[in-house]
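Worksheet: the structure to be examined is printed underneath.
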Amino acid sequence: MLKVSSLRKSAMLAVAAAGMLCGGQALAQTKTTVTVQYPLGFIFDKVFVQLKDEFEKQNPDITVSYLPATKEYEDAAQTALRQAITKQLPDVALQAINLQRLFVDRGIAVELSPFIAKEKDWKGQGFSDSMMALSRFGGKQYGLAFAASTPIIYINEDLVRKAGGDPDRFPTTWDGIFALSKKIGALGGDNVGLYHSWQITGNWMWQALVFSYGGRMMDEAEKNVAFNGEGGKHAIDLLGRMVREGGMPDLAQEAARNTFFAGKLGIWTESTSLLRVADDGVAGKFKWRTVPFPVPGPNAKLPTGGAAAMMFTKDPARQVAAWKFMKFITGPTGATLMVKGTGYMPPNSLPANDPAMLKSYYETRPNYLTSLSQQPYMTAWYAFPGENNLKIIAVIKDRLQSVVDKSAEPQAALSAMAADVQKLLPK
Amino acid sequence: MRRERRGVLVRIVRHAILLCGAIVMAAPFVWMVATSLKPKNEIFATEFHLLPKTWGAVENYHAALTQVPLLHYLFNGAVVTIAIFVLQVVVNMPAAYALAKVRFRGRALMFGAVLFCLLIPYQAVALPIYIFFAQVGLLNTYAALVLPFTISVFGIFLMRQFFVSVPDDLIDAARIDGISEYGIVWKVMAPTAIPAITAFGIFSLVAHWNDYFWPLIAVDNGRLFTPPLGIASLKLNGEGTAYGSLMAAATVVITPLVFAFLVAQRRFIEGVTFTGLK
Amino acid sequence: MRDTTLAADRRMAVPIPVRDWRHTLRVLALTAPALVLMLGFLIIPLVAVILLSFTDYQLGASSLAVIGFDNYVEMARDQTVRISLVNTFIYVAIVVPASVALGLGAALLIEVDASLRGFYRSTYFLPVMATLIAMAVVWEFMLDQRFGVVNIFLRSIGFGSYDWLHDRSLVLYTLCGIGIWQSVGFNMVLFMAGLTAIPRELYEAADVDGARSALDRFTLVTWPLLGPVTVFTVVITAIRAFQVFDTVNVLTDGGPNKASEVLLHTIYKEGFVYFRDGYAAALIVVFLAFILALSAIRVFVLDKRTRTS
């Protein structure tokens with residue numbers, strides 16, 4: 001290391017000053033601190049504050065410290081990869097379910113089986129097999145699923161009724177949806193009929209379209225892209241139709257969100273995770289509800305969104321504290337808090353059936369049931385193999401953009417997408 | 001071209017044009033300060049109001065200073081830029097002197113190397129330096145922010161040009177007096193080169209205070225952020241619409257520079273001219 | 001003893017034996033730190049970048065293989081790189097003439113009369129030294145489609161409002177505007193120095209020769225003598241424009257859809273976000289080539305001038 005004493009002195013002075021300026025939090029000696037990084041601040045901020053309060057009450061010897069929330073799942077992954085290089089990894093990080101494998105492949109995530117082995121009645125705490133399966137790689141456990149979601153549709157009941165539709169009998173096919181969307185757009189007054197959140201993190205909504213037509217991202221052997229097969233062709237065609245027939249504008253995701261909250265967007269596909277945010281955003285300005293995502297098939301599936309908690313710290317003392325925190329937030333209590341504060345589904349199997357937790361909550365909130373009803377279709381959110389995963393996501397997004405802004409024909413964009421992605425896969 | 005008496009019309013036209021330009025130049029600064037003083041509802045008004053009707057300054061500045069440790073970032077900026085400048089003088093001035101006044105084998109080669117290195121923009125070599133720092137664990141340290149800039153071929157070149165014009169008699173006298181070559185640098189050359197050093201210093205301090213690219217990649221630990229990183233993180237990670245506190249933060253970050261500039265204007269501009277025209 | 005110094009060397013009054021080892025030590029004491037650092041932070045990294053461009057290195061990955069010119073081939077086919085280069089060229093092509101011309105204009109106007117000279121000089125120079133990131137954020141707010149003062153002003157005089165930073169057809173030009181705003185003062189100061197260096201006698205001589213109007217004075221005396229300064233300013237502005245990054249990273253992230261993607265930003269993304277360092281190194285080599293070409297222009301033109309004048 002650098003041995004220039006003047007620099008060292010000034011660095012030490014700086015750190016001491018920083019410590020003083022930061023109120024000496026980091027200098028707490030009697031407690032263990034667990035640093036945690038989570039994404040999607042606008043969804044999770046309040047939830048994590050509650051989780052921290054509850055956890056610290058039950059564990060007075062542990063302090064939880066949050067790093068600034070990253071914007072969304074790709075940022076969370078990029079940040080963590082960079083933190084691995086600059087040796088700034090947090091103790092616990094929430095990563096997208098599909099991006100967990102990045103951290104497994106690079107040896108950044110800590111294997112959790114030793115910790116699980118020490119637990120009594122693991123399954124009895126709600127950590128079911130299906131939940132564990134979401135974070136199992138090569139037979140080993142690397143994460144604890146924290147939140148799960150499926151794509152759903154949010155509809156503005158007032159606009160739908162004005163356009164002559166019936167929210168109780170909302171169309172279940174895309175043709176029906178396009179017809180309705182055209183009528184909503186025709187209402188004028190800058191009302192938008194339809195917006196499909198194709199820009200969402202990890203190409204999740206694109207995978208939703210492909211999977212809903214029975215397509216796959218890659219072939220079984222994971223050597224060649226398969227999204228340019230039948231399923232993909234239908235999917236890209238559909239995206240093109242959304243723009244041409246459904247009148248979908250080229251909006252940024254946040255802008256679309258705000259348009260719905262302002263009451264100007266009739267049909268909005270998004271993740272169930274936004275239920276709580278939508279409640280706050282709409283604030284009673286109009287009536288809205290959620291309906292299931294169309295699944296034309298054959299053999300339709302929907303990608304499971306959401307995040308899992310992973311352990312990054314390799315320090316045994318901190319691992320103990322980190323494990324306690326991870327167990328808490330993905331356990332029944334944590335899951336209940338999480339669901340009530342967002343719209344995600346709980347991977348933990350206990351809360352949904354426990355009246356003291358979520359059973360009665362769900363009964364009075366039908367919007368939450370939409371995603372739950374889609375559980376039979378749930379399949380893994382796909383992550384491409386190899387080192388270029390994040391770049392592949394960006395490349396797919398660019399090609400989808402070219403369809404939405406009409407600078408490319410759908411099928412041409414699909415072929416280009418397949419070629420681009422194939423180049424970035426391991427040879 | 002400095003006639004003192006111009007026709008009145010010419011003067012008016014000149015002022016009119018220059019004032020329009022001055023408004024465009026100064027507008028962001030004025031608007032930044034004005035917005036930082038306004039409360040949220042006035043910021044999101046759709047009519048034009050320069051001055052705030054109600055005082056929102058306290059919340060804005062409070063938010064700016066507490067959401068992120070802004071004052072600490074200013075401290076980091078100061079530490080880093082001063083360290084860089086001091087080290088630059090220590091490293092580069094003796095070399096400039098050697099190139100100007102000391103005969104040695106390889107002097108032409110070294111000067112050629114300096115001229116060649118002048119052509120290299122630092123972003124081009126940032127990648128290998130980053131990889132190297134990553135491997136030896138130097139990222140996220142003050143050293144990472146300071147070290148790559150301690151070599152300043154620009155400084156060497158500037159100083160050398162200046163030193164070359166210093167009369168040899170001064171140096172010869174010092175040598176006869178028994179002062180070592182190294183001592184000559186500090187005791188003889190430095191005092192005569194104060195204008196050049198000041199010019200270079202201003203150039204260096206401003207350039208590194210405002211530098212964004214290297215700190216962005218070298219550091220991701222919030223405690224080491226320099227002012228530009230602080231503003232960027234406030235903007236990118238915060239709510240997109242918290243303009244009041246964002247403008248307040250920008251004001252806080254700009255103020256030291258503007259203040260220094262207004263106090264030492266002459267020096268600043270001399271510095272740019274000097275370093276620009278070599 | 002052999003005289004091993006340059007032909008253009010100056011005379012030295014007290015001759016120091018060139019081969020004396022003590023002398024070598026003294027020279028080393030003076031130059032060693034700079035030499036070591038120059039080697040370590042400039043020359044070796046430069047070579048490293050070139051070598052890296054022929055590999056598939058990814059930071060954090062386990063393998064490193066030499067792949068020859070594959071990176072360059074991929075770059076030639078990469079649509080994003082193509083868009084990035086085009087955007088960068090457009091940016092340079094707009095910012096350089098505009099900020100040089102405006103800088104010259106400002107310098108001329110300010111120098112012409114003494115009234116308020118200091119005030120104008122300071123005001124025009126302020127954007128140059130203000131932290132660009134902070135001012136970029138201010139500009140973003142000023143350019144906001146609904147609440148930005150620019151659009152409020154435009155609406156009040158009858159024009160519509162524009163989405164300066166999110167409209168694909170406008171965003172690059174908006175960034176050009178900010179770039180020009182930031183550079184004018186710098187160029188102005190350089191031109192002012194050049195102007196004051198022009199000897200008064202030349203104007204008087206021109207006057208005597210019959211050059212009466214301001215335009216004559218400009219074309220006969222001012223412009224030719226500003227030649228070197230102009231070339232210098234153009235090249236410096238061009239190099240700085242080529243390095244545009246801050247505004248793109250903070251305001252647009254290259255978007256929407258690559259409309260404001262520029263070379264250095266692409267390099268940043270590939271090298272420091274996706275960690276595809278071999279590929280990024282190849283992009284850096286291209287970047288370097290352009291910068292060197294620009295610098296070469298200056299050397300070439302100025303050299304020619306000094307030889308012909």
Side-chain angles (χ1 to χ4, degrees), chain B residues 1 4 6 11 14 17-18 21-22 25-26 28 31-32 44 48 91-92 94-95 97-98 102-105 108 117 119-121 123-125 127-129 131 148 150-151 156 168 172 175 181-182 206 210 212-213 217 227-228 231-232 235 243 246 250 253-254 257 261 265 269 272-273 276-277, chain C residues 4-6 12-14 18 26-27 29-31 33-34 37-38 41-42 45-46 48-49 59 106 109 111-114 120 122-127 129-135 137-139 141-142 147 149 152 189-190 193 243 245-246 250 264 271-272 277 280-281 284 287-288 291-292 295:
Chain B
M1 247 184 107
E4 297 311 327
R6 313 294 292 163
R11 291 181 109 193
R14 171 180 174 271
I17 301 178
L18 283 177
M25 291 290 134
W31 198 246
M32 170 182 76
F44 289 102
F48 176 75
V91 165
N92 297 302
Y97 168 68
V102 179
R103 268 200 293 181
F104 60 96
R105 269 170 80 171
C117 287
L119 302 172
I120 305 176
Q123 299 101 338
V125 291
L127 185 60
I129 298 177
I131 295 176
T150 51
I151 179 68
I156 294 180
D168 287 338
D172 300 338
R175 284 198 186 123
E181 294 298 311
Y182 197 75
V206 171
N210 292 340
Y212 180 61
F213 186 82
I217 58 186
I231 299 277
K235 187 210 172 269
Y243 286 121
L246 205 51
V253 163
I254 299 271
L257 278 176
F261 172 69
Q265 269 185 62
I269 294 188
V272 169
T273 319
L277 293 182
Chain C
T4 57
T5 54
L6 281 174
M12 301 189 73
V14 178
V18 173
R26 275 184 226 120
V27 168
L30 290 173
T31 59
L37 288 171
M38 203 157 58
F41 283 109
L42 286 170
L46 184 64
V49 162
L59 193 57
L109 279 174
E111 284 297 319
V112 148
D113 192 36
Y120 286 127
S122 307
T123 315
Y124 279 70
F125 194 70
L126 215 51
M129 38 126 274
T131 311
L132 183 56
I133 294 287
M135 298 323 291
V137 165
V138 176
W139 271 113
F141 174 53
M142 286 175 61
F147 310 112
V149 66
I152 291 178
V189 163
L190 290 177
Q243 294 170 318
F245 174 79
D246 296 9
V250 167
L264 201 51
F272 301 100
D277 296 319
I284 291 177
F287 172 72
L288 254 177
I291 303 259
L292 287 177
S295 305

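For the numbers below, each heavy atom of this structure counts, side chains included, while hydrogens, waters and symmetry mates do not. To find a chain, count down the sequence lines: A is the first, B the second, and so on, and within it residues start at 1.
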Quick one: [atom1] on [X] to [atom2] on [Y], what's the gap to the nearest 0.5 Å?
X      : Y      : atom1 : atom2 : result
C/L264 : B/F213 : CG    : CZ    : 4.5 Å
B/L18  : C/Y124 : CG    : OH    : 4.5 Å
B/I217 : C/F272 : CD1   : CZ    : 3.5 Å

Taking all non-hydrogen atoms of both residues, which atom of [X] and which atom of [Y] are closest, and how far apart?
X      : Y      : result
C/T31  : B/A95  : CG2-CA, 4.2 Å
C/F287 : B/P121 : CE2-CG, 3.8 Å
B/I129 : C/P45  : CG1-CG, 3.9 Å
B/A232 : C/I133 : N-CG2, 4.1 Å

When heavy-atom pairs shorter than 4.5 Å are enumerated against chain C, which of B/P227, B/C117, B/P28, B/G21 gives the highest number?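 Of the candidates given, the most pairs with chain C belong to B/P28.
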Report the option among B/V125, B/I131, B/L127, B/V206 that has the most heavy-atom pairs separated by less than 4.5 Å from atoms of chain C.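 Ranked by heavy-atom pairs under 4.5 Å with chain C, first place is B/L127.
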B/R14 side chain to C/V112 main-chain N or O, any donor-acceptor pair under 3.5 Å?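 Here the side-chain-to-backbone pair does not exist.
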Please check this pair: side chain of B/N92 against backbone of C/A34, looking for a donor-acceptor N/O pair closer than 3.5 Å.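 A pair under 3.5 Å: no.
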For the interface with chain B, which of [options] has the highest count of heavy-atom pairs at distances below 4.5 Å?
options                        : result
C/I291, C/L292, C/L132, C/L126 : C/L126
C/L288, C/V149, C/V189, C/V250 : C/V149
C/A29, C/A134, C/A48           : C/A134
C/S122, C/G271, C/P33, C/A106  : C/S122
C/V138, C/I284, C/V137         : C/V138

Mind checking whether B/I231 and C/T131 have side chains closer than 4.5 Å, heavy atoms only?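 Not in contact.
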Do C/M135 and B/I254 make a side-chain contact, defined as non-hydrogen atoms from C-beta onward lying under 4.5 Å apart?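 Yes; the side chains approach each other to less than 4.5 Å.
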Is it the side chain or the backbone of B/I156 that comes within 4.5 Å of chain C heavy atoms, both, or neither?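 Side chain only.
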Verdict with supporting geometry, C/L46 and B/I120, side chain to side chain contact (heavy atoms under 4.5 Å, CB included): CA-CA 8 Å; C/L46 184 64; B/I120 305 176; 3.7 Å; yes
Relative to the ring of C/F245, is the ring of B/Y212 parallel (under 30°), tilted (30 to 60°) or perpendicular (over 60°)?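 The rings of B/Y212 and C/F245 sit tilted, inter-plane angle from 30° to 60°.
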Please enumerate all residues that pass side chain to side chain contact (heavy atoms under 4.5 Å, CB included) together with C/T123, with sequence neighbours excluded.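 For C/T123, the residues satisfying side chain to side chain contact (heavy atoms under 4.5 Å, CB included) (neighbours in sequence not counted) are B/A22, B/M25, B/A26, C/F119.
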